[in-house]
There are 2 protein chains.
Amino acid sequence: MEIDREELLRGVANALTSNPGAPTGEIAAAANVSRATLHRVLGGREELVEATYGWMLEQCGRVFDRAGIDHEPVLEAFDRLIEDSYPLAQSLWLLIATPELERVPELLARLEAQDQRLERFFVRGQEEGLFRRDLPPRWLTYSLGSQVMSAWYMVDDGYAGARDVPRLVRAAVLEGVLADAAGSAAETPGSAGAPRPKES
Amino acid sequence: MEIDREELLRGVANALTSNPGAPTGEIAAAANVSRATLHRVLGGREELVEATYGWMLEQCGRVFDRAGIDHEPVLEAFDRLIEDSYPLAQSLWLLIATPELERVPELLARLEAQDQRLERFFVRGQEEGLFRRDLPPRWLTYSLGSQVMSAWYMVDDGYAGARDVPRLVRAAVLEGVLADAAGSAAETPGSAGAPRPKES
DNA sequence: CGATAGTGAGACAGAAATGTCGCAGATGCT
DNA sequence: AGCATCTGCGACATTTCTGTCTCACTATCG
């Protein structure tokens, strides 16, 4: 039976994120293929990691597309984004564990493009008055990314279920951990056309 | 000249965090020590990583102590905590890149103890009404930890200075990224003050 | 000044991981 | 059935990393 490249990449991605330094043998086993096949399809270890990270970036791009972070209403896009946040978490995970990835020009460029895309999203939110302006948009992207990552980490640790991730991330990222947030919880896309605040 | 174990561990820690998979030769070089000495003082690669992580946990413990997260007023302790957040960031960093660490019983126990200590801190804040109660305290610890980590990551990337970290983390963790937070920023010593100088 | 302790440099063997190959077996198509 | 394609298995050579040892050098102390 032929190997589904997508499925293979998924398996490799999981193996790599759960143990970034694993030898190719373990990676292959985790992906249910032989070491030979793994090598035939994705190349040597270095190429393999790069290919996997590239695939993750693709996934993130697709999530961004689906969420419509470029043009759709900011808050709604935000909710769709965190609804499907695993690819983002996974890519950050691998990136942290494998700094060499930043030394691959092509990947670095794509990563930087992704970051800027997300940053523009936050800038848009700031201009609309939804996001606070006293923090650099870059920091907002880091804040979101890191919390998405840790949310899935918590799931992995067994302290939460996958279904809780969007809610947890939404609350912590948007409103923070202080109690007095005073119902600042923004209306979510379900309710009727709630007026989106325009800056005055 | 004799080797200062502390200094050596610092160097190794930096080398490991900036490249978790580095061979011992690189690590030694980064710490300005010969590979032989590194091995003499900290043992083989595995022991080396474990010793370093253990040292990081110690650092975190000390920071927690100094901040007084166990008994001091919650918000003040919080500020002192994020004022000296680098050890926490570094330990999380290494932990993510080296999941095998969790397989060392002693380290796992200490890690779990640290987590619970921080969790109790948040529980205390919740009971005081300072932190929101609709989020699991465990998640609050993950949220803080991840953002501390990403803040220093951002510094490393050159998008912020080390002195900005406390402010960025404080704002994002406590209040979130929404604009309307309505000045819920809790008053605290130093919250409005000028940024504190910090070593590079 | 001599002795002691600690470090660095270099070398070397053993272990581990990687890249590669050939061959057998399974699957699917004609 | 016959053929082409792809995979798994096992083996091998090569490279890389690690653990270890020896020896020379330096600093500190008695």
Side-chain angles (χ1 to χ4, degrees), chain A residues 1-56 93-104 106-107, chain B residues 1-56 93-104 106-107:
Chain A
M1 38 189 175
E2 313 229 343
I3 290 294
D4 180 358
R5 190 185 161 93
E6 281 296 301
E7 196 182 324
L8 177 61
L9 281 168
R10 237 195 320 276
V12 173
N14 288 331
L16 275 180
T17 49
S18 77
N19 184 2
T24 55
E26 282 183 29
I27 297 174
N32 290 314
V33 286
S34 73
R35 201 164 66 92
T37 299
L38 180 62
H39 190 274
R40 277 191 279 255
V41 178
L42 296 182
R45 191 179 210 290
E46 202 177 322
E47 309 164 73
L48 180 158
V49 177
E50 292 169 12
T52 303
Y53 184 66
W55 174 76
M56 287 175 176
W93 201 294
L94 184 58
L95 180 63
I96 288 183
T98 319
E100 304 93 276
L101 287 172
E102 294 192 51
R103 302 230 178 90
V104 181
E106 186 226 336
L107 292 177
Chain B
M1 37 193 182
E2 312 231 345
I3 290 294
D4 180 358
R5 191 184 161 96
E6 281 296 301
E7 197 181 324
L8 177 61
L9 281 168
R10 239 196 320 274
V12 173
N14 289 330
L16 275 180
T17 49
S18 78
N19 184 359
T24 56
E26 281 184 30
I27 297 174
N32 289 315
V33 176
S34 74
R35 200 164 66 92
T37 298
L38 179 63
H39 190 275
R40 277 192 280 252
V41 177
L42 296 182
R45 192 182 209 291
E46 201 177 323
E47 309 164 72
L48 180 158
V49 177
E50 292 168 12
T52 304
Y53 184 65
W55 174 77
M56 286 176 176
W93 202 296
L94 184 58
L95 180 62
I96 288 183
T98 318
E100 304 92 275
L101 286 172
E102 295 193 49
R103 303 231 178 89
V104 181
E106 185 226 335
L107 292 177

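First the proteins, then the strands, lettered A, B, ... as listed; each starts at 1. Note that these values count all heavy atoms, side chains included, but never hydrogens, waters or copies made by symmetry.
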Measuring from [X]:[atom1] to [Y]:[atom2], what's the distance to the nearest 0.5 Å?
{"X": "E106(B)", "Y": "L101(B)", "atom1": "CD", "atom2": "CG", "value": "11.0 Å"}
{"X": "L8(A)", "Y": "W55(A)", "atom1": "CG", "atom2": "CH2", "value": "10.0 Å"}
{"X": "N14(A)", "Y": "L9(A)", "atom1": "CG", "atom2": "CG", "value": "11.0 Å"}
{"X": "E50(B)", "Y": "R45(B)", "atom1": "CD", "atom2": "CZ", "value": "11.0 Å"}

Quiz prompt | N or O in side chain of S34(A) less than 4.0 angstrom from dC9(D) OP1/OP2 | solution = no
[X] [atom1] to [N] [atom2], straight-line distance once rounded to whole Å:
{"X": "N32(B)", "N": "dG8(C)", "atom1": "CG", "atom2": "C1'", "answer": "13 Å"}
{"X": "N19(A)", "N": "dA17(C)", "atom1": "CG", "atom2": "P", "answer": "11 Å"}
{"X": "E7(A)", "N": "dT7(D)", "atom1": "CD", "atom2": "P", "answer": "12 Å"}
{"X": "E2(B)", "N": "dG6(C)", "atom1": "CD", "atom2": "C1'", "answer": "6 Å"}
{"X": "I27(A)", "N": "dA17(C)", "atom1": "CD1", "atom2": "P", "answer": "11 Å"}
{"X": "L8(B)", "N": "dG6(C)", "atom1": "CG", "atom2": "C1'", "answer": "14 Å"}
{"X": "I3(B)", "N": "dA5(C)", "atom1": "CD1", "atom2": "C1'", "answer": "13 Å"}

Practice problem: Scan residues 94-103 of chain A against DNA chain C and write down, sorted by residue number, each residue with any heavy atom closer than 4.0 Å; if none is found, say none. | Solution: none
Table of protein N/O atoms under 3.5 Å from nucleotides 15-22 of chain D N/O atoms:
{"from": "dT18(D)", "atom 1": "OP1", "to": "R45(B)", "atom 2": "NE", "distance (Å)": "2.7"}
{"from": "dT18(D)", "atom 1": "OP2", "to": "T24(B)", "atom 2": "N", "distance (Å)": "2.8"}
{"from": "dT18(D)", "atom 1": "OP2", "to": "T24(B)", "atom 2": "OG1", "distance (Å)": "3.1"}
{"from": "dG19(D)", "atom 1": "OP2", "to": "R45(B)", "atom 2": "N", "distance (Å)": "3.0"}
{"from": "dG19(D)", "atom 1": "N7", "to": "R35(B)", "atom 2": "NH1", "distance (Å)": "3.2"}
{"from": "dG19(D)", "atom 1": "O6", "to": "R35(B)", "atom 2": "NH2", "distance (Å)": "2.7"}

Tell me if a side-chain donor or acceptor on [X] pairs with a main-chain N or O of [Y] at a distance below 3.5 Å.
{"X": "W93(A)", "Y": "T17(A)", "value": "yes"}
{"X": "T37(B)", "Y": "V33(B)", "value": "no"}
{"X": "E7(A)", "Y": "D4(A)", "value": "no"}

Quiz item: Within a strict 4.5 Å, meaning less than it, do heavy atoms of the E100(A) and N19(B) side chains meet?
Solution: yes
Exercise. Determine whether more than 12 heavy atoms belonging to other residues, nucleotides or ligands lie under 6.0 Å from atom CD of E102(A).
Key: yes
